[in-house]
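Because the structure is predicted, anything quoted here is derived from the model rather than measured. In what follows, chains are A, B, ... by sequence order, proteins preceding strands, each numbered from 1.
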Amino acid sequence: MPYDPSSSEARWQKAWADADSFTAIRDERPKYYVLEMFPYPSGRIHMGHVRNYTMGDVVARFKRAQGFSVLHPMGWDAFGMPAENAAMEQGGHPRDWTYGNIATMREQLKPLGLSIDWSREFATCDDSYVAQQQALFLDFLDAGLITRKSAQVNWDPVDMTVLANEQVIDGKGWRSGAPVERKELTQWFFRISDYSEELLEALEGLTGWPDKVRLMQQNWIGKSRGLQFSFAATDASQGFDAIEVYTTRPDTLMGASFVALSPDHPIIRTLAAGRPEVADFCEECRRIGTTEEAIETAPKMGFDTGLTVRHPLDPEWQLPVWIANFVLMDYGTGAIFGSPAHDERDHEFATKYGLPIRATFGERGMDLAQADAMVAKAAYVPLKSEVVTYVRGFAGKTEQTGEAAVDAAIAHAEAEGYGKGVTKFRLRDWGISRQRYWGCPIPVVHCETCGTVPEAKENLPVLLPQDVSFDQPGNPLDRHPTWRQASCPKCGGKALRETDTMDTFVDSSWYYARFTSSRADTPTNRADADYWMNVDQYIGGIEHAILHLLYSRFFARAMVKTGHLPETAKEPFNALFTQGMVTHEIYMTRDTRGRPVYHLPEDVTDGKLADGTPVEVVPSAKMSKSKKNVVDPVNIVSSFGADTARWFMLSDSPPERDVEWTAAGAEAASKFLSRVYRLAEETRGGGEDPELTRAAHRAIADVTKSIEGFAFNKAVAKLYELANAVGKSGAGGEPRREVLRILAQLMAPMVPHLAEEVWSMAGGQGMVVDAGWPEPDPAMLEDDTVTLPIQINGKRRAEISVAKDMPKDQIEALVLADDTVQRFLDGATPKKLIVVPGRIVNVVA
RNA sequence: GCCCGAGUGGCGGAAUGGUAGACGCAGCGGAUUCAAAAUCCGCCGGAGCAAUCCAUGCCGGUUCGAGUCCGGCCUCGGGUACCA
């Protein structure tokens, strides 16, 4: 009987459900918590989901087989802008759109046969999750973890609404097309910057995380040591006494040629009030938008204020004060001094505006003239660890490293009293206020007499009103007729509700903790949290390497501080794996006006459309609806079965890299699974085949190691080898069935349905899901002889087969006697003979 | 711009500093078949009759030996604080 995935997969899924196989329970087994980043309910599942959740499922089933009590939950990251956009574009309510999508996606996910404990499922927009998140907010507020301050947002002056960065395209609002302005609003912030040092230091302990992610976070937090000091105003009539600056290169102070302030600097604001041309310039700077990328890549723009300050080391030396569009108010003091010889941005700025460029140091041994000549065209920015010659130094030695010079400069400033060494972080507080409807309301009211007052816990949850419309831009909460009316929990007087909702990163910063007890009427249940935390293996996209993971690390600390998590859960994710995307070729034709028209892969055969029109093939890119290079997992599952989709997602490409979906690859996966089924179905007479048994034990060792190392593609390759070995072997009867059962066990985490079929055909007891993980017999893994390649001058020329434990001198004798070696040596004695036991021999002639 | 990655046959990829190309796809040849599909077996980086030579994005370096380590580039991808 040929293998029929559709009936088989449904049957096994029901068997697992009936046996309650995947319900996580606290028992005497050691626990293992595996979590994949939960999905945003966009509408339908895509191949990226299949890949992500299959990887997590492999880990979950593997650990379960190894005897762990596994927690493997699923939920929905359900608040966010797309639901509001859908409501604006198609009408309807974000809630209905979201829950509709969740229902669809849940039904699409279930046929994949994932070992998920569905009883713990929740969506972040559920009233119960909102309620507990608001309770956390109030606890954090109490604990001093939250503050309110002013921040800038993108403002669309036509739609009269705040725009997200992705809604600003080339400096214009995506719907109105109006040039975006910056606007200041008072916002709620989580005080993550209080934890800068701790979040940085704790990275060292995250040994289960990829180094690249730790490095990215380290750079993001951005600890720096520098000098903070003031430039005094040349005369008091300028309207300020001094400008405070921060620099990480105080050693370049003698190369200073200007002072630059952020357009948002208080001194500039004051100045702008009286000088329209200053105000105009600042307005222009603000049109760049709020993203760091836009600000950094925009052409350098400056405005000479005419103000001047004195150099701290030479009162006679006057420096001009400029406004510069690349100086950020958020970092340091919002003011810098420009040292164009040793900073590329300053160099560009100085060149553009004709400001002097004076070298502070040059390459080792250079004199002042040489150093000045070198920096005339381009900034000289060697590594700080490199020794250079200071031609305009003022502290430390003439010949020293940048590092030493910075230390000497700080010491000099402190001794002379004009500045002090300061440690700063790039990490800023986390602004969570969003002027949008579809999010968790911030549980605060604004009272006419008491000011800003937290809502009382007994009044939670503060739920979103349902009667809202999206026919006009802006936050529907602002214009709701009654929802804002509240009474002050403090004085009972009239108050207005906060209409800002929380950043959706808040929702995803603690869902992992909520899964440990997803129905509790407090944010967590401590007994459950204590048992299940931490997440032993977290899996998700590299795009979350910084923000989501950093926020979660902060949130876990905040939950520890407020008693919702045990001290040991400060770092909530013991191990992290970041997987790559699923990509596909793009098929394109052009319309009569030459504009691209995209076509779905299922409409393209052999590079042609159904009507014979050839398509242009654009190299693989991330699957996206707009490019139509999407393959719907639902179609793959219905035509090939879930196991095929799962197997293909694990084959070939290493999990951390992107994988390209190809129809041929899917078919190959399907063919292989059918072959395994046929191998199991076939009964053969005959007996032992020691070689096959050895192959099986080698496969156990290799597959175990590969799964543990997240090298699923290598595990797949080993399983191909084992299946090939079964096909070629003359083994029969029980010895053959025993190998087939090992094959079933090893394949079970990846293709669980087929594994159950093979297990049962090969005479396995019960279900393979309960069968445990096989152990290799060490005796079967040993080889008596090894093949040693012989290199001559580093090139492989011959090989010899020797006993595994043959002593070096015997090997050397064999090598020298070898024909090829003799021929190459041509009677000469080798200069050197390198024998790496068990690996290689190199003859240096 | 800045930070972090990736780049190996026609394709996806494998390789504790030690035989470059495991395993798979495609292709080619064969078996089976009236024929095809499916299946099974074999070959399969390039050049060369061969000995050999060339080959891991590019340029240099360290080493007995470099895909792997170091320096400098190029291209592509992720992030850049209100996309999730």
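The listed nucleotides are B:rC4, B:rA14, B:rG18; the one nearest the side chain of A:K714 is B:rA14. With B:rG5, B:rG78, B:rC25 as the choices, the nucleotide that has an atom nearest any side-chain atom of A:I542 turns out to be B:rG78. Side-chain atoms of A:D652 lie closest to B:rG12 of the nucleotides B:rG12, B:rU19, B:rA14. Closest to the side chain of A:Q791, out of B:rC4, B:rU19, B:rG13, is B:rU19. Distance from the side chain of A:N842 is smallest to B:rG65 among B:rA81, B:rG12, B:rG65. Between B:rC2, B:rC53, B:rG24, one nucleotide has an atom nearer to the side chain of A:E344 than all others, and that is B:rC2. With B:rC40, B:rC64, B:rA81 as the choices, the nucleotide that has an atom nearest any side-chain atom of A:R428 turns out to be B:rA81. Nearest to the side chain of A:Y40, among B:rA38, B:rA51, B:rA84, sits B:rA84. With distances taken from any side-chain atom of A:I546 to the nucleotides B:rG79, B:rC64, B:rC83, the minimum falls on B:rG79. Here the nucleotide nearest the side chain of A:L215, chosen from B:rU39, B:rC83, B:rG5, is B:rG5.
Using cut-offs of 30° and 60° for the angle between ring planes, the A:Y551 and A:W430 rings count as parallel. Relative orientation of the A:H49 and A:Y53 rings is parallel, given thresholds of 30° and 60° on the angle between their planes. The aromatic rings of A:W510 and A:Y129 lie parallel to each other, their planes meeting at an angle below 30°, with 60° marking the opposite boundary. Using a 30° and 60° split on the angle between ring planes, A:F505 and A:H548 fall in the parallel class, below 30°. A tilted orientation is assigned to the rings of A:Y511 and A:Y538, their planes being inclined by 30° to 60°.
Under the Watson-Crick and G-U wobble criteria, each requiring two contacts below 3.5 Å, nucleotide B:rA37 is left unpaired. Under the Watson-Crick or G-U wobble criterion, with both distances below 3.5 Å, B:rG24 is paired with B:rC11. With a cut-off of 3.5 Å on both Watson-Crick or G-U wobble distances, the partner of B:rU19 is given as none. Using N1 to N3 plus N6-O4 or O6-N4 for Watson-Crick, or N1-O2 and O6-N3 for G-U wobble, each under 3.5 Å, B:rA55 pairs with nothing. Shown here, B:rU75 forms a base pair with B:rA6; the pair counts as Watson-Crick or G-U wobble because both key distances fall under 3.5 Å. Pairing for B:rC69 goes to B:rG61, judged as Watson-Crick or G-U wobble with the two contacts each under 3.5 Å.
For the P atom pair drawn from B:rA26 and B:rC11, the interatomic distance equals 15 Å after rounding to whole Å. Between B:rG1 and B:rG10, the distance separating the two C1' atoms is 39 Å to the nearest Å. Taking atom P on both B:rG21 and B:rA66, the two are 16 Å apart, rounded to the nearest angstrom. A distance of about 11 Å separates the C1' atoms of B:rU56 and B:rA15, rounded to the whole Å. Nucleotides B:rU16 and B:rA22 have their P atoms positioned 15 Å apart, rounded to a whole Å. With both ends at atom C1', the span from B:rG67 to B:rA84 equals 36 Å, rounded to whole Å. For the P atom pair drawn from B:rG45 and B:rA51, the interatomic distance equals 15 Å after rounding to whole Å. Taking atom C1' on both nucleotides, B:rC34 is separated from B:rC43 by 29 Å, rounded to a whole Å.
Spacing between atom NZ of A:K149 and atom C1' of B:rA81 amounts to 13 Å, rounded to whole angstrom units. Counting to the nearest Å, the P atom of B:rU68 and the CD1 atom of A:I840 are 16 Å from each other. Atom CG of A:L547 and atom C1' of B:rC3 are 13 Å apart (whole Å). In this structure, the CD atom of A:E292 is 13 Å from the P atom of B:rC4, given to the nearest Å. Whole-Å rounding puts the A:L328 CG to B:rG1 C1' distance at 12 Å. A:E656 has its CD atom 12 Å from the C1' atom of B:rG13, to the nearest Å. Rounded to a whole Å, the CG atom of A:N52 is 18 Å from the P atom of B:rA84. At whole-Å resolution of the value, CD in A:E166 and P in B:rA84 are 7 Å apart.
Side chains of A:Q187 and A:D500: no donor on one and acceptor on the other come within 3.5 Å.
Counting any heavy atom pair closer than 4.0 Å across all strands shown, A:A668 reaches sugar-phosphate atoms only and no base atom. Residue A:N724 is classed as a sugar-phosphate contact, given heavy-atom separations below 4.0 Å to backbone atoms only. Among the protein residues, A:R678 comes within range of the sugar-phosphate backbone only, with heavy atoms under 4.0 Å from sugar or phosphate atoms but none that close to a base. At the heavy-atom level, A:W430 lies nowhere under 4.0 Å from the strands shown. Residue contacts for A:P39: at a heavy-atom cut-off of 4.0 Å it reaches no nucleic acid atom on any strand shown. Within the nucleic acid shown, A:F505 comes within 4.0 Å of at least one base atom, counting heavy atoms only. The residue A:V836 sits close to a base: some heavy atom pair falls under 4.0 Å. Contacts of A:Q187 with the nucleic acid, taken as non-hydrogen atoms under 4.0 Å apart, include base atoms.
Atom CD of A:E344 has 12 or fewer neighbouring heavy atoms from other residues, nucleotides or ligands inside a 6.0 Å radius.
Paired with A:W438 under the rule side-chain hydrogen bond (donor to acceptor under 3.5 Å, both in side chains), one option of A:T504, A:T501, A:T98 passes, and it is A:T98.
Of the two residues contacting RNA chain B, namely A:I834 and A:L163, the nearest-nucleotide position lying further toward the 5' end is that of A:I834. Toward the 5′ end of RNA chain B lies the nearest nucleotide of A:G665, the other residue of the pair A:M81 and A:G665 mapping further downstream.
The base of B:rC3 does not come close enough to the side chain of A:N219 for any donor and acceptor atom to sit less than 3.5 Å apart.
A:T504 has a side-chain polar atom (N or O) that falls below the 4.0 Å cut-off from OP1 or OP2 of B:rA84. Here A:N165 reaches the OP1 or OP2 of B:rA81: one of its side-chain N or O atoms lies under 4.0 Å away. Listed pair A:R426 / B:rC3 fails the phosphate criterion, with no side-chain N or O lying under 4.0 Å from OP1 or OP2. Phosphate proximity of B:rG12 to A:N713: absent, as no side-chain N or O sits under 4.0 Å from OP1 or OP2. Side-chain N/O atoms of A:R796 include none lying less than 4.0 angstrom from OP1 or OP2 on B:rC64. Of the side-chain N and O atoms in A:R657, one or more sit less than 4.0 angstrom from OP1 or OP2 of B:rG7. For A:K831 and B:rG65, the shortest distance from a side-chain N or O to OP1 or OP2 is not below 4.0 Å. Between A:R823 and the phosphate of B:rU52, there is a side-chain N or O to OP1/OP2 separation shorter than 4.0 Å.
Residues A:I542 and A:K212 are in side-chain contact: their nearest non-hydrogen atoms beyond the backbone lie under 4.5 Å apart.
Taking 90° from 0 as the syn/anti boundary, the base of B:rG72 is oriented anti.
Comment: A:R214 engages A:D211 in a salt bridge, judged by a side-chain N to carboxylate O separation of less than 4.0 angstrom.
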